[in-house]
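Worksheet: one structure, shown below.
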Amino acid sequence: AQTVTQSQPEMSVQEAETVTLSCTYDTSESDYYLFWYKQPPSRQMILVIRQEAYKQQNATENRFSVNFQKAAKSFSLKISDSQLGDAAMYFCAYRMNSGYALNFGKGTSLLVTP
Amino acid sequence: NAGVTQTPKFQVLKTGQSMTLQCAQDMNHNSMYWYRQDPGMGLRLIYYSASEGTTDKGEVPNGYNVSRLNKREFSLRLESAAPSQTSVYFCASRPAAGEQFFGPGTRLTVL
């Protein structure tokens with residue numbers, strides 16, 4: 001079974017600064033996808049960024065980027081120029097290429113201070 | 001285009017009562033999912049439906065049943081609610097090539 005581990009229950013960052021959220025996963029598959037989802041207080045699950053395991057290039061979406069280390073099974077999220085609206089729970093998730101469902105980590109609560 | 005809709009948004013049940021959570025999507029997606037989210041946990045898969053007419057168990061199916069009524073709708077039924085089923089329930093759908101879209105969630109409390 002695949003497991004996703006987020007070792008930071010809470011993180012804090014000042015506005016305009018950069019923060020990195022950590023995620024490690026365990027799988028015996030070679031073809032899979034990794035994701036970061038944002039869950040604000042509204043509870044809505046919002047896809048932030050996606051990484052295909054076969055791609056060596058790290059994914060980026062505006063202020064959000066990942067550091068994907070396949071051999072180390074590590075997938076961290078970097079948020080640059082943090083904004084108050086970035087405050088939320090962030091979940092790391094995994095899906096096999098042939099799989100249907102997502103496996104989620106327990107989440108990291110991000111606080112953004114002015 | 002409403003995306004994924006869930007009803008109700010909130011529900012309180014007494015132990016032993018039954019209820020059905022409704023989910024509908026208007027994006028013509030084949031796959032649909034039901035997850036639950038407990039405090040301090042990520043989402044865990046209850047059931048999924050890869051296509052109309054098929055359903056499969058996920059990680060935590062005990063105490064639940066599902067129906068894929070048609071391509072649009074995927075309902076989750078609790079036949080005899082228990083306090084351990086107090087949770088936030090999310091429905092999601094996914095196209096053949098793409099990622100999951102989530103509904104807004106249903107907060108269920110079982111007393």
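Here is how names work: the chains are called A, B, and so on, in the same order as the sequence lines, proteins then strands, and each is numbered from 1.
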Can [Y] be reached from [X] by stepping across I, L, V, M, F, W or Y side chains whose heavy atoms are under 4.5 Å apart?
X       : Y        : result
A:Val13 : A:Met11  : yes
B:Met32 : B:Val4   : no
A:Phe75 : A:Val19  : yes
B:Leu21 : B:Leu111 : no
B:Phe74 : B:Val60  : yes

Select one option (side chain, backbone, both, neither) describing which atoms of B:Phe90 are under 4.5 Å from chain A's heavy atoms.
side chain
B:Leu45, part contacting chain A, at a heavy-atom distance under 4.5 Å:
side chain
Tell me which donor-acceptor pairs, judged by distance alone and kept under 3.5 Å, run between chain B and chain A, one pair per line.
| residue | atom | partner | partner atom | Å |
| --- | --- | --- | --- | --- |
| B:Tyr33 | OH | A:Tyr100 | O | 2.9 |
| B:Tyr35 | OH | A:Leu102 | N | 3.2 |
| B:Gln37 | OE1 | A:Gln39 | NE2 | 3.0 |
| B:Gln37 | NE2 | A:Gln39 | OE1 | 3.0 |
| B:Gly42 | N | A:Gly105 | O | 3.4 |
| B:Glu99 | OE1 | A:Arg95 | NE | 3.4 |
| B:Glu99 | OE1 | A:Arg95 | NH2 | 3.4 |
| B:Glu99 | OE2 | A:Arg50 | NH1 | 2.5 |
| B:Glu99 | OE2 | A:Arg95 | NH2 | 3.0 |
| B:Gln100 | NE2 | A:Tyr100 | O | 3.1 |
| B:Phe102 | O | A:Gln44 | NE2 | 2.9 |
| B:Gly105 | O | A:Arg43 | NH2 | 3.2 |

Checked A:Phe104, A:Phe35, A:Phe91 vs chain B; the most non-hydrogen pairs under 4.5 Å come from A:Phe104
What's the separation between atom CZ in B:Phe102 and atom CG in A:Leu102, rounded to the nearest 0.5 Å?
5.5 Å
